[in-house]
Structure formats: structure tokens, C-alpha cells
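Written out below as C-alpha cells is the structure these notes cover.
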Number of protein chains: 2
Amino acid sequence: MTTLKKVGRPKKFDRDTALMSAVNVFWLKGFDGASMTDLTEAMGVNPPSLYAEFGDKLNLYRLAIDRYASNDACSPLVAFESEPDIEKAVRAFLNEVIVYSTKHSSGAKGCFLSSSVATSAGEIEGVQELLKKAIETTDRRLAKRFDEAKTEGSLRKDFPSLERARLMFDLRQGLVFRARAGCSVKSMKTDIDQRVRMILSDQSS
Amino acid sequence: MTTLKKVGRPKKFDRDTALMSAVNVFWLKGFDGASMTDLTEAMGVNPPSLYAEFGDKLNLYRLAIDRYASNDACSPLVAFESEPDIEKAVRAFLNEVIVYSTKHSSGAKGCFLSSSVATSAGEIEGVQELLKKAIETTDRRLAKRFDEAKTEGSLRKDFPSLERARLMFDLRQGLVFRARAGCSVKSMKTDIDQRVRMILSDQSS
DNA sequence: ACAAATTTGTAGTAATCATTATATAAATGT
DNA sequence: ACATTTATATAATGATTACTACAAATTTGT
């Protein structure tokens, strides 16, 4: 039984959907640019309910970051992990980064963490730590896929998984920054083939 | 004659130094996070004088972005351009990006454009265009140095200057993002040698 | 010395901000 | 049926926001 009857008037909103709406508002406008009015309207939650459920604005922001950062379904990562062929997987990752950062349904460009949260890392307590953790987690998640390709035999034994994971992730920042700046999909896609080769290249030479 | 006597009470501030102080405040706090009180205090300019000199907050922001983006003395670029040996030049660029984004005198981490301005590109009119222009200008400025190395003979004739310029710039975004998230200098420096080789590598194989 | 011009410093404006007090509505338990 | 519990809706709170009116201060020109 997941739905156990509770006393009192039932909530009008779903916690997780409301939180994702908050992510979209913060993504589009940033922490300081997003007003509580923006948030309550987008989330469909009245101020008193919002404060009861999520605490104050800062706490809601931290929860939004955490929700976004711990999203296993992040499409570029999923694309990278679900494609069996490692070369196609790397290509799918880069492709999906471009699609994701230019065509998100909320209208926000780039990536919530690197295009919006980064700004508040200088001032808002706790944000920098959340960001750092998200980066390290993603580095490891990317490296894991490379490690699997190594044990499976499609990548050579001395392939530097973590180093190339960081490379992929850093290239990603470039793409999302360009997306936020309004660069065209076409202009960003021109370098993909070359970058796939680089990421998988043997640099012992 | 640069200093011509003007009637009226003289200004107490230097326009350009005040503008650079504004850059630092916006860099640290973002557009919405920076209050006019923050700005007037840091710039040493009273509100009426500020409005007379720079217009409203939005116009000051645009001027600050323009001042920062058109700074020929950007230390990573200068390092890249002034080192004669192309391999050392690439290494100097990456090194300087790390130093710049972690040790800036204002206390702000990362890069003003990618760590702060990017947030406002979603909402504030004109910012996205300024960003895009800055990216394209930097891409070309980096490519120019590669072209010079080609004509001078230290890089092969078919070296793809603009493609590698974009690569360098995108890798830079990764570094400044990590810096903003509080990653250590040491952790970021580990990949430099490998990345230098990649940027200069021959990918015809 | 005095008028004209321009900036400074202070104190204010109206609007918006995050947050909360109050009252009403909708569920369950007995 | 009625008390208890929880969430809702509205409106108000004090603080802060961007911005400006006003008077004093400091320069040049005559």
C-alpha cells in the first residue's frame, strides 16, 4: 500500500512535480531573479503551503539543486550508458548534450547547474558544496561506463577512464555555455566527430 | 591635450576603475544578486552620480559585460599569445585559466561571463547577444595564434586552427566551472599535459 | 567677487520582495 | 454529527529594492 489515508485536507500538488517546476524557474531566472511569486505560480502552490512543504526560498533552492543533480534520468548520461557500442555512446552523449541544452521543454537553455547555479555558488551558503559533489559524481558515472567497456574488451586495458571522463564533462560545459549564449545547434555539431576520436584516442604516441 | 578643464565640480571617481569594480560585484553576486547599494559602495560612486554616468542598473550591467569582454589583457589569452613556443603557449593558457579562475583578486571564482552572466542570458535583454559575440571573438583570437604558428612553420599546414580553438575554449569552460564549484587547483592541473597533447595532436590517423 | 555649471551627499519615493497571520475548506476518526 | 487535523486562499507584514528630489559643495569664466 503506497497510498495510506491521512487525516486533514489533502494536498493539491504533487511534491516532486512542484519541485521540478521550481527547478525550471530557478534555471530560467537564477536564484535571485526568481521571485516567490514566480515560484508559487509555476509550482501551483500557495505561499503558506510552499513554506510548509519546502521551507524558505533558500531551502527550496537547495532541494531543487539536489533534485536536479540526483536525476538518474539525465538524458545525456542515459544516452551514454545505454548505447552498447562505446564510440556510438560517446557520440550519443555529445549529441544529447546539444539537444538537451537547446531544446529543453521549459524553455531554459544550457544546464541548470552550470548555467544558473554556478552564479550563486559565490554567495549562497551550501551551494558550492552541492555543485562540487555533483561534478565528482558525474565524473565517476562517466568513468564507470569506460571501465565497463574495458572489462568487456572494447577499450584497451590502459585506457584512462577517469581522465577521459573529466575531458568529456569539461567539453560538455563548453557546449552548454554556447547553448546558453544562443549558438546554433548546427555550429555546435560540426566538431562532434573529431571530439569523439579525441576522447577515445590512444595518446601513448 | 587629454585633460581639458571643465566647468563644474569635478568627479570624484574614475569611470573605468568604477566600471571594473562593478564587474567584480556582478561577477560575485550576479545581476539580480547585486544591489545598487552593493554597487555604489564598491564603486565609490553615489547613486545620483552613478545614474548620471552609467544610466540604470541594466545599462551598467551591459557596460560591465562589454568592458570585461573587450579586455585585451585577459591573462589566459595574453599568456597564450605571448609565449613563442606553441606547445608552451597552450600549456600556459590552460595553466593561466586555472590560476585566473581560482585566485582572482576580487575573490570571485570562475569567469564573469560563463559563471555569472550566463545566468542572466535567459532573461535580460541583450545579454545573450553580448555573450555570443564574446565567444566568437575569443574563438577567433585563439585561432589566430594557431594560424601564426602555421605560417611560421611550428605547426603543420593542415592544422585545424578554428576547430582546436573551439576545443581549447570549451575545455576552459570546464575548468572555470570546476573553479566556481571550489575544486582544487591541484585536481585541475593533473590533466594539463594530456590536454596539451590533445589540442596539438594530429588526428589524421 | 559673483554667476553659471556640474557633482556630491542625504533623504526620500513608490514598488516589490520574502514571509506570515487569519480564516475557510476538506479530509478522517469516533 | 461533530471534533480533530491538515491544507487552502487572501491579504497583510516589515524589509529591501531601484531610483530620484533637493540642497550643499566645488569647479570655471568673466
Side-chain angles (χ1 to χ4, degrees), chain A residues 1-19 21-23 25-26 28-65 116 119-120 123-127, chain B residues 1-19 21-23 25-26 28-65 116 119-120 123-127:
Chain A
M1 227 25 125
T2 59
T3 60
L4 73 161
K5 301 242 175 182
K6 278 204 298 184
V7 71
R9 183 170 173 173
K11 287 176 186 172
K12 224 183 171 185
F13 62 93
D14 172 65
R15 183 186 160 93
D16 196 62
T17 8
L19 200 50
S21 301
V23 167
V25 175
F26 282 130
L28 209 60
K29 307 197 169 191
F31 176 75
D32 293 298
S35 70
M36 291 305 290
T37 309
D38 293 332
L39 290 162
T40 53
E41 278 176 8
M43 297 166 75
V45 181
N46 290 325
S49 305
L50 193 153
Y51 279 82
E53 182 78 25
F54 302 106
D56 61 6
K57 187 186 179 186
L58 177 54
N59 203 60
L60 171 63
Y61 188 58
R62 292 208 195 95
L63 289 170
I65 295 174
S116 283
T119 300
S120 51
E123 282 275 305
I124 302 174
E125 192 169 296
V127 171
Chain B
M1 226 25 124
T2 60
T3 59
L4 73 160
K5 300 242 175 182
K6 277 204 300 185
V7 71
R9 183 169 173 172
K11 288 178 188 175
K12 227 185 170 184
F13 61 92
D14 172 66
R15 182 186 161 92
D16 195 60
T17 6
L19 199 51
S21 302
V23 167
V25 174
F26 283 130
L28 209 59
K29 307 197 168 190
F31 176 76
D32 293 297
S35 69
M36 290 307 290
T37 310
D38 292 332
L39 290 162
T40 52
E41 279 177 6
M43 297 166 74
V45 181
N46 289 328
S49 305
L50 194 153
Y51 280 84
E53 182 79 25
F54 302 105
D56 61 6
K57 188 186 177 185
L58 178 54
N59 202 62
L60 171 62
Y61 188 57
R62 291 207 196 95
L63 289 171
I65 294 174
S116 282
T119 299
S120 51
E123 282 275 304
I124 302 174
E125 192 168 296
V127 170

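Here is the naming used below: chain letters follow the sequence lines, and residue numbers restart at 1 for every chain. Since the structure is predicted, the reported quantities are computational estimates derived from the model, not experimental observations.
At least one side-chain heavy atom of A:E53 sits less than 4.5 Å from a side-chain heavy atom of A:F13. Looking only at side-chain heavy atoms (C-beta outward), A:L60 and A:L19 come within less than 4.5 Å of each other. At least one side-chain heavy atom of B:M43 sits under 4.5 Å from a side-chain heavy atom of B:L50.
Ring orientation note: the planes of B:Y61 and B:F26 are nearly perpendicular, at an angle over 60° on the 30°/60° scale.
For the pair B:E53 CD and C:dT7 P, the interatomic distance rounds to 8 Å; values are reported in whole Å. The distance between atom NZ of B:K6 and atom P of D:dG29, rounded to the nearest whole Å, is 12 Å. In this structure, OH of A:Y51 is placed 14 Å from C1' of D:dA12, rounded to the nearest angstrom. The CG atom of A:L50 sits 11 Å away from the C1' atom of C:dA18 (whole-angstrom rounding). Note: CZ (A:F31) to P (C:dC17) measures 13 Å, nearest angstrom. The interatomic distance linking B:K11 (NZ) with C:dG9 (P) rounds to 14 Å, in whole Å. Separating the CG atom of B:D56 from the C1' atom of C:dA15 is a distance of 16 Å, rounded to the nearest angstrom. Between the CG atom of B:D32 and the P atom of C:dT16 there is a distance of 15 Å, rounded to whole Å.
Of all non-hydrogen atoms in A:V25 and A:A34, the two that sit nearest each other are CG1-CB, 3.7 Å. Across B:N46 and B:T40, no two heavy atoms sit closer than the pair C-CG2, 4.2 Å. Here the closest non-hydrogen pair linking B:K29 and A:D32 is O-OD2, 4.0 Å.
Distance from the side chain of B:V7 is smallest to D:dT28 among D:dT28, C:dG9, C:dA26.
Shown for residues 36-49 of chain A: residues whose heavy atoms fall under 4.0 angstrom of DNA chain D, namely A:N46, A:P48, A:S49.
Each of A:R9 and B:S35 was matched to the nucleotide of DNA chain D holding its nearest heavy atom; the match closer to the 5' end belongs to A:R9. Both B:G8 and A:G55 lie close to DNA chain C; mapped to their nearest nucleotides by heavy-atom distance, the more 5′-ward contact belongs to B:G8.
Contact between the side-chain N/O atoms of A:K12 and the OP1/OP2 oxygens of D:dA7 is not found at any separation under 4.0 Å.
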